[in-house]
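As the structure is a computational prediction, the values presented were derived from the model and not from experiment.
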Amino acid sequence: MIRSLLYIWVLILFILALGSCSKASEDMLMTVQQCDTSGMKYSADVLPIITTNCYSCHANGIVNGDVSLDGYANLKTQADNGNLAGVITHTGGYPPMPDNGGKLSDCEINKIKAWIKGGAKED
(Lines give C-alpha, C1' and ligand atoms only; values in the text may rest on other atoms or scores of the structure.)
Protein backbone atom coordinates (compact mmCIF):
# COMPACT_ATOMS: atom_id res chain seq x y z
CA MET A 1 0.00 0.00 0.00
CA ILE A 2 2.72 2.48 1.00
CA ARG A 3 4.70 1.50 -2.07
CA SER A 4 1.69 2.18 -4.30
CA LEU A 5 1.18 5.60 -2.73
CA LEU A 6 4.86 6.39 -3.24
CA TYR A 7 4.61 5.50 -6.93
CA ILE A 8 1.52 7.69 -7.29
CA TRP A 9 3.28 10.67 -5.68
CA VAL A 10 6.31 10.20 -7.90
CA LEU A 11 4.05 10.06 -10.95
CA ILE A 12 2.20 13.22 -9.87
CA LEU A 13 5.47 15.11 -9.30
CA PHE A 14 6.75 13.95 -12.69
CA ILE A 15 3.61 15.20 -14.43
CA LEU A 16 3.80 18.55 -12.62
CA ALA A 17 7.45 18.93 -13.58
CA LEU A 18 6.64 18.28 -17.23
CA GLY A 19 3.88 20.87 -17.14
CA SER A 20 6.30 23.59 -16.00
CA CYS A 21 8.47 23.11 -19.11
CA SER A 22 6.30 25.03 -21.50
CA LYS A 23 6.92 26.62 -24.87
CA ALA A 24 6.73 30.05 -23.20
CA SER A 25 9.55 29.09 -20.83
CA GLU A 26 11.61 27.88 -23.77
CA ASP A 27 10.93 31.09 -25.72
CA MET A 28 11.92 33.23 -22.74
CA LEU A 29 15.16 31.28 -22.32
CA MET A 30 15.97 31.66 -26.02
CA THR A 31 15.31 35.43 -25.85
CA VAL A 32 17.72 35.85 -22.94
CA GLN A 33 20.38 33.79 -24.67
CA GLN A 34 20.04 35.77 -27.91
CA CYS A 35 20.71 39.22 -26.39
CA ASP A 36 24.00 40.23 -27.96
CA THR A 37 25.54 43.21 -26.16
CA SER A 38 28.88 43.24 -27.92
CA GLY A 39 29.83 46.35 -29.85
CA MET A 40 26.85 48.47 -28.85
CA LYS A 41 26.45 51.57 -31.00
CA TYR A 42 24.60 54.76 -30.08
CA SER A 43 22.69 55.14 -33.35
CA ALA A 44 21.97 51.50 -34.10
CA ASP A 45 21.39 50.03 -30.65
CA VAL A 46 20.83 52.62 -27.92
CA LEU A 47 18.97 55.44 -29.66
CA PRO A 48 16.06 53.21 -30.80
CA ILE A 49 15.51 52.06 -27.20
CA ILE A 50 15.67 55.62 -25.87
CA THR A 51 13.45 56.97 -28.64
CA THR A 52 10.78 54.34 -28.07
CA ASN A 53 10.77 54.42 -24.28
CA CYS A 54 11.96 57.86 -23.18
CA TYR A 55 11.28 60.52 -25.80
CA SER A 56 7.60 60.95 -24.97
CA CYS A 57 8.64 62.55 -21.65
CA HIS A 58 12.25 63.67 -22.19
CA ALA A 59 12.60 65.04 -25.74
CA ASN A 60 11.13 67.33 -28.37
CA GLY A 61 10.94 70.23 -25.92
CA ILE A 62 9.52 68.10 -23.09
CA VAL A 63 11.87 68.21 -20.11
CA ASN A 64 10.33 66.23 -17.25
CA GLY A 65 12.40 66.14 -14.07
CA ASP A 66 14.85 68.61 -15.63
CA VAL A 67 16.03 65.80 -17.94
CA SER A 68 16.14 66.14 -21.70
CA LEU A 69 17.43 63.25 -23.76
CA ASP A 70 17.26 65.13 -27.05
CA GLY A 71 20.50 64.54 -28.89
CA TYR A 72 23.62 62.60 -28.09
CA ALA A 73 25.15 65.20 -25.74
CA ASN A 74 22.18 65.12 -23.37
CA LEU A 75 22.08 61.33 -23.26
CA LYS A 76 25.85 61.18 -22.77
CA THR A 77 25.56 63.51 -19.76
CA GLN A 78 23.00 61.18 -18.17
CA ALA A 79 25.16 58.16 -18.97
CA ASP A 80 28.31 59.73 -17.54
CA ASN A 81 26.74 60.90 -14.29
CA GLY A 82 25.19 57.46 -13.60
CA ASN A 83 21.60 58.63 -13.82
CA LEU A 84 20.77 56.67 -16.97
CA ALA A 85 21.87 53.32 -15.55
CA GLY A 86 20.26 54.10 -12.19
CA VAL A 87 16.82 54.94 -13.56
CA ILE A 88 16.57 52.10 -16.08
CA THR A 89 17.68 49.45 -13.58
CA HIS A 90 15.30 50.84 -10.94
CA THR A 91 18.19 51.25 -8.49
CA GLY A 92 17.26 52.70 -5.10
CA GLY A 93 17.67 56.46 -4.93
CA TYR A 94 16.75 56.90 -8.60
CA PRO A 95 13.24 57.39 -9.97
CA PRO A 96 12.33 54.20 -11.86
CA MET A 97 12.02 54.79 -15.59
CA PRO A 98 10.13 54.57 -17.82
CA ASP A 99 7.74 56.42 -15.55
CA ASN A 100 4.70 54.48 -16.80
CA GLY A 101 5.49 51.77 -14.25
CA GLY A 102 7.00 49.38 -16.74
CA LYS A 103 10.63 48.45 -16.99
CA LEU A 104 12.80 47.99 -20.02
CA SER A 105 13.53 44.38 -20.91
CA ASP A 106 16.67 42.85 -19.44
CA CYS A 107 18.14 42.80 -22.93
CA GLU A 108 17.48 46.51 -23.48
CA ILE A 109 18.97 47.34 -20.08
CA ASN A 110 22.04 45.21 -20.80
CA LYS A 111 22.52 46.88 -24.18
CA ILE A 112 22.45 50.35 -22.65
CA LYS A 113 24.77 49.30 -19.82
CA ALA A 114 27.20 47.76 -22.31
CA TRP A 115 27.18 50.98 -24.34
CA ILE A 116 27.90 53.00 -21.20
CA LYS A 117 30.67 50.60 -20.13
CA GLY A 118 32.18 50.94 -23.61
CA GLY A 119 32.50 54.71 -23.13
CA ALA A 120 29.04 55.82 -24.31
CA LYS A 121 30.49 56.75 -27.69
CA GLU A 122 28.60 58.53 -30.43
CA ASP A 123 28.84 56.08 -33.29
Quick one: closest heavy-atom pair of [X] and [Y], and the distance?
X	Y	answer
Leu69	Cys54	CD1-CB, 3.6 Å
Lys41	Asp45	N-OD2, 2.7 Å
Ser43	Pro48	O-CD, 3.4 Å

Keeping to residues at least two apart or across chains, list the ring pair (Phe, Tyr, Trp, His ring centres under 6.0 Å) pairs with something in residues 69-88.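 Ring pair (Phe, Tyr, Trp, His ring centres under 6.0 Å) check on residues 69-88 returns Tyr42-Tyr72.
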Determine whether [X] and [Y] make a side-chain contact, defined as any pair of heavy atoms from C-beta on separated by less than 4.5 Å.
X	Y	value
Cys35	Thr37	yes
Pro98	Leu104	yes
Val87	Pro96	no

Got a second to check how far [X]'s [atom1] is from [Y]'s [atom2], nearest 0.5 Å?
X	Y	atom1	atom2	answer
Asn74	Ser68	CG	OG	4.5 Å
Ile49	Cys107	CD1	SG	7.0 Å
His90	Met97	NE2	CE	8.5 Å

Let me have the donor-acceptor pairs involving side chains of residues 108-119, under 3.5 Å, with sequence neighbours excluded, atom names and distances please.
| unit_1 | atom_1 | unit_2 | atom_2 | d |
| --- | --- | --- | --- | --- |
| Glu108 | OE1 | Ser105 | N | 2.9 |
| Glu108 | OE1 | Ser105 | OG | 3.3 |
| Asn110 | ND2 | Asp106 | O | 3.1 |
| Trp115 | NE1 | Lys121 | O | 2.9 |

Quick one: list whatever passes salt bridge (charged side-chain N to carboxylate O under 4.0 Å, His left out) with Asp80, sequence neighbours left out.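 If we apply the salt bridge (charged side-chain N to carboxylate O under 4.0 Å, His left out) test to Asp80, skipping adjacent residues, the hits are Lys76.
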Treating [X] as the side-chain partner and [Y] as the backbone partner, does any N or O pair qualify as donor plus acceptor under 3.5 Å?
X	Y	answer
Thr77	Ala73	yes
His58	Asp70	no
Asn83	Gln78	no

